[in-house]
Amino acid sequence: MGMCKNIINLKRRRAVIHSRGDQAAGRAPRILPPPLNNVLALYPQPPEKAQFRKTLNMAPTTRSLSFPRVIVEKDTDSEHSSSEEEEEDDDEEPIEDEDEDEDEDENGKSFENEGQRIEEDSNKKGKAPITLSLKKVCKVCKRTGHEAGFKGATYIDCPMKPCFLCKMPGHTTMTCPHRVATEFGVIPASHKNTRNALLYVFERQFKPHIPPIKPAYVIPDQVNCAVIRYHSRRVTCLEFHPTNNRLLLSGDKKGQVGVWDYDKVHEKVVYGNIHSCIVNNMRFSPTNDGMIYAASSDGTISCTDMETGISSPLMNLNPDGWQGPNSWRMLYGMDINPEKHTVFVADNFGFLYLVDTRSNNRSGQAVLIHKKGSKVVGLHCNPLQPDLLLSCGNDHFARIWDIRRLVVGSSLYDLAHRRVVNSAYFSPISGCKILTTSQDNRIRVWDSIFGNLHSPSREIVHSHDFNRHLTPFRAEWDPKDPSESLAVIGRYISENYNGIALHPIDFIDVSTGQLVAEVMDPNITTISPVNKLHPRDDVLASGSSRSLFIWRPKDDHELVEQDERKIVICTGTEKKRKHKSKNDESEDDSDVNKPTPTSKGKNFKSRKPSTEIRKSSQKMKR
DNA sequence: ACCAGATGTTGCC
DNA sequence: TGGCAACCCTCTGG
């Protein structure tokens with residue numbers, strides 16, 4: 001399916017109108033092109049050429065224009081159809097620039113482009129003709145001579161842009177050193193602090209001659225069960241039940257909360273009347289594991305009975321309803337501190353709120369913990385020290401707070417990032433390390449034992465600079481790993497796996513920066529931004545688009561005996577349900593509760609186990 | 001087969 | 001400071 005889409009993308013050979021107005025409007029890319037030779041050297045050969053013969057022969061879309069004069073640039077390559085000639089095309093065709101002044105300034109090269117010449121001549125006469133270009137046009141930088149996009153299952157970057165992965169100029173994702181081995185360029189931990197009780201434990205991770213005490217990682221690498229289209233919108237968060245091993249909580253963009261016992265795949269519950277828009281974070285109550293707290297962009301925290309779905313709002317930041325976007329408050333980060341009987345939530349304006357779980361009332365005043373007007377996307381209480389709170393947000397900072405003294409500017413540490421921080425988590429056992437995910441395509445580990453908190457101990461380049469229509473990626477600790485080094489995170493850019501573009505879920509040893517495993521299934525062609533590792537079992541839950549997946553290790557005995565995965569595909573679209581009952585939410589839910597057991601689905605074609613995994617110590621890519 | 005639309009962050013003016 | 005356009009390896013329904 002993904003493959004088909006890629007082909008479709010390539011088939012679009014657009015007729016583009018070049019006019020000087022484009023430049024005047026400032027449409028030239030801001031990033032200056034690297035030297036031409038380098039670009040051409042880096043530009044890869046197009047794979048799977050034969051597949052796209054028809055593409056090249058397609059008639060271009062044209063517009064009939066009576067005014068002004070139209071010049072047609074002919075692309076000689078489009079008249080050929082042999083694969084050899086296409087290769088020549090990519091190798092030899094110069095990269096042209098619409099702005100002739102820039103060309104002269106930068107390398108003084110004269111381009112052999114007829115259309116451009118005519119345009120220049122006409123300009124001297126005071127006319128502004130429009131050039132219809134039948135040449136290949138890059139959809140990223142709008143220049144001719146190269147094309148960005150999928151060639152089969154391989155994405156070709158625009159060579160005019162900095163690397164999409166590491167953000168550095170001079171190379172593309174294809175040749176990025178971080179794509180070859182994730183540990184390349186990782187900043188090593190600095191050993192600054194004096195010895196303490198935990199040093200011995202952590203030291204074993206860094207000194208290879210000491211026999212490792214940690215067991216080999218068990219990677220849940222095979223889809224064990226799934227519900228395709230469980231939610232009606234994309235999944236935004238997942239949470240495992242604290243005591244019931246088979247219970248998974250899921251929230252979505254529409255505000256619905258799913259309670260899924262994945263031992264009984266067909267029995268599915270989705271509560272649709274708790275929130276009116278995005279559920280950003282969920283937690284189970286520390287005192288009653290049948291109760292769910294959820295923070296939503298509708299400005300409320302809900303407290304819901306898992307069995308009945310009966311919900312009561314703890315706090316509503318928009319009691320007067322919609323008064324415009326400048327006043328509408330949305331709740332993002334949330335965590336519960338059991339010792340303090342407090343729910344911490346933060347909003348999109350930089351404020352932190354406290355709610356007492358015993359009285360269900362707000363306690364204290366809202367405190368500005370991030371830049372005023374910026375979103376606070378994550379909160380996390382330290383697992384060992386109840387006084388410590390970690391926050392992160394769109395002001396490019398993660399901050400550590402002492403909750404006994406929550407005042408503006410009183411943070412203990414400010415962890416600086418280059419871009420928005422999607423998540424920040426204390427390590428699950430000792431609470432001594434912090435794992436942050438930032439939109440600058442880097443996972444950072446901040447170590448309070450070995451390093452200091454002024455700079456990250458490690459920076460691991462990883463592709464998660466997300467498209468705005470995706471749930472933000474968050475690197476999550478493995479709560480079972482005693483060494484506190486294994487983390488899981490979905491990957492944004494795809495790789496070509498046997499001709500299919502897939503987005504794996506990466507397991508990374510953050511103490512070394514190594515990619516431990518990349519997990520994918522050829523049937524899951526969508527990106528999996530939401531991932532959670534089970535607190536006790538070797539289970540990974542992932543949310544991809546609207547679907548939920550449970551992954552287990554391939555050699556799981558239980559699985560071998562079953563020899564069959566349980567895949568349920570829900571039918572019925574959002575609109576169909578709306579037609580049935582426009583206003584009745586409960587009926588909407590009852591419909592959702594009737595999944596159709598079928599193996600037909602857009603993104604999941606086969607019921608047979610066909611999961612793939614690549615465990616790699618060094619190479620991420622061939 | 002193709003398109004529109006939902007949607008958030010960023011940097012520039 | 002606020003308005004606006006660019007970003008441009010998504011996903012879905014119509």
Side-chain angles (χ1 to χ4, degrees), chain A residues 1-12 14 22 25-31 54-55 58 61 138-142 147-158 160-165 167 172-174 176 179 228-229 231-236 252-254 277-278 280 297 325-326 330 332 348 371-375 377 393-396 417-422 438-441 463-473 490-496 500-504 524-529 543-547 571-579 601-603:
Chain A
M1 206 57 201
M3 185 85 167
C4 291
K5 198 162 61 179
N6 302 336
I7 296 169
I8 291 162
N9 283 340
L10 274 172
K11 280 186 178 174
R12 281 190 211 137
R14 296 177 292 172
D22 284 356
R27 281 160 70 167
R30 282 163 310 201
I31 297 138
K54 285 179 186 174
T55 303
M58 274 184 69
T61 320
C138 174
K139 64 180 179 183
V140 175
C141 71
K142 311 287 189 286
E147 269 184 308
F150 276 104
K151 298 257 185 214
T154 306
Y155 189 88
I156 309 299
D157 266 1
C158 170
M160 295 299 171
K161 294 282 183 176
C163 173
F164 193 73
L165 178 55
K167 310 293 180 195
T172 63
T173 313
M174 191 70 72
C176 177
R179 192 184 178 104
I228 311 300
R229 275 175 256 141
H231 285 271
S232 57
R233 292 286 185 274
R234 60 162 213 252
V235 174
T236 53
D252 72 17
K253 198 170 92 61
K254 199 187 175 192
C277 59
I278 310 179
N280 290 307
S297 289
N326 295 333
M330 302 187 264
Y332 282 85
N348 57 326
K371 185 182 170 186
K372 196 171 187 180
S374 75
K375 193 191 287 180
V377 288
N394 282 12
D395 63 352
H396 301 195
H417 295 71
R418 278 204 289 275
R419 283 187 63 195
V420 168
V421 188
N422 295 345
S438 170
Q439 269 179 240
D440 64 358
N441 267 358
S463 169
H464 51 257
D465 177 16
F466 63 95
N467 174 302
R468 67 182 175 283
H469 307 294
L470 296 175
T471 303
F473 291 85
R491 197 192 302 170
Y492 182 42
I493 53 171
S494 62
E495 294 297 345
N496 183 342
I500 312 170
L502 298 176
H503 309 263
I524 306 172
T525 55
T526 46
I527 296 172
S528 306
S544 186
S545 188
R546 295 151 51 180
S547 308
T571 58
T573 63
E574 177 72 3
K575 252 211 164 160
K576 279 176 190 168
R577 261 183 272 129
K578 270 186 184 169
H579 283 309
K602 269 191 172 178
N603 294 325

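First the proteins, then the strands, lettered A, B, ... as listed; each starts at 1. Source: prediction; values computed, not measured.
Between A:His503 and C:dT10 there is no side-chain N or O to OP1 or OP2 distance below 4.0 Å. Listed pair A:Ser463 / C:dC9 fails the phosphate criterion, with no side-chain N or O lying under 4.0 Å from OP1 or OP2. Regarding contacts with the backbone of B:dT9, a side-chain N or O of A:Lys375 is found under 4.0 angstrom from either OP1 or OP2. Contact check, A:Arg419 against B:dG11: no side-chain N or O comes under 4.0 Å of OP1 or OP2.
At whole-Å resolution of the value, NZ in A:Lys161 and P in B:dT10 are 16 Å apart. Spacing between atom CD1 of A:Ile500 and atom P of C:dC9 amounts to 21 Å, rounded to whole angstrom units. Rounded to a whole Å, the CG atom of A:Asp440 is 15 Å from the P atom of B:dT9. Taking atom CD1 of A:Ile524 as the reference point, atom P of C:dC9 lies 22 Å away to the nearest angstrom. Protein atom NZ of A:Lys371 is 13 Å distant from nucleotide atom P of B:dT9, rounded to whole Å. Separating the CZ atom of A:Arg546 from the C1' atom of C:dT10 is a distance of 13 Å, rounded to the nearest angstrom. The NE2 atom of A:His396 sits 12 Å away from the C1' atom of B:dG8 (whole-angstrom rounding). One atom, OH of A:Tyr492, and another, P of C:dC11, lie 9 Å apart when rounded to the nearest Å.
Below 30°, between 30° and 60°, or above 60°: for A:Tyr492 and A:Phe164 the angle between ring planes is between 30° and 60°, a tilted geometry.
Candidate nucleotides B:dT9, C:dT12, C:dC9 were compared by shortest atom distance to the side chain of A:Asn394, and B:dT9 ranks first. Listed nucleotides C:dC9, B:dA6, B:dT9 differ in distance to A:Gln439; the shortest reach to its side chain belongs to B:dT9. Proximity note for A:Leu470 (side chain, C-beta onward) versus C:dT10, C:dC9, B:dA6: the nearest is C:dT10.
Between the side chain of A:Ser438 and the main chain of A:Val420, a donor-acceptor pair closer than 3.5 Å is present. Although no hydrogens or angles enter the test, the distance criterion places no donor-acceptor pair under 3.5 Å between the side chain of A:Asp465 and the main chain of A:Asn441. Side-chain atoms of A:Ser545 never come within 3.5 Å of backbone atoms of A:Arg234 as a donor-acceptor pair (strictly under, hydrogens ignored). With hydrogens and angles disregarded, no donor-acceptor distance shorter than 3.5 Å links the side chain of A:Ser374 to the backbone of A:Asn394.
The number of heavy-atom neighbours closer than 6.0 Å to NZ of A:Lys371, taken from other residues, nucleotides and ligands shown, is 12 or below.
C:dC9 and B:dG11 are spaced 23 Å apart, taking the C1' atom of each and rounding to whole Å.
Positionally, the nearest nucleotide of DNA chain B for A:Arg468 lies more toward the 5' end than for the other of A:Arg468 and A:Val420.
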Check the interface with nucleotides 2-5 of chain C: list each N/O to N/O pair with the protein under 3.5 Å, or write none.
none

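With sequence neighbours excluded, no residue forms a ring-ring contact (aromatic ring centres under 6.0 Å, His included) with A:His396.
Inter-residue side-chain proximity for A:Ile493 and A:His503 is flagged as unmet; no heavy-atom pair is nearer than 4.5 Å.
Residue-level contact check: A:Ile527 touches the backbone only, with heavy atoms under 4.0 Å from sugar-phosphate atoms and none from bases.
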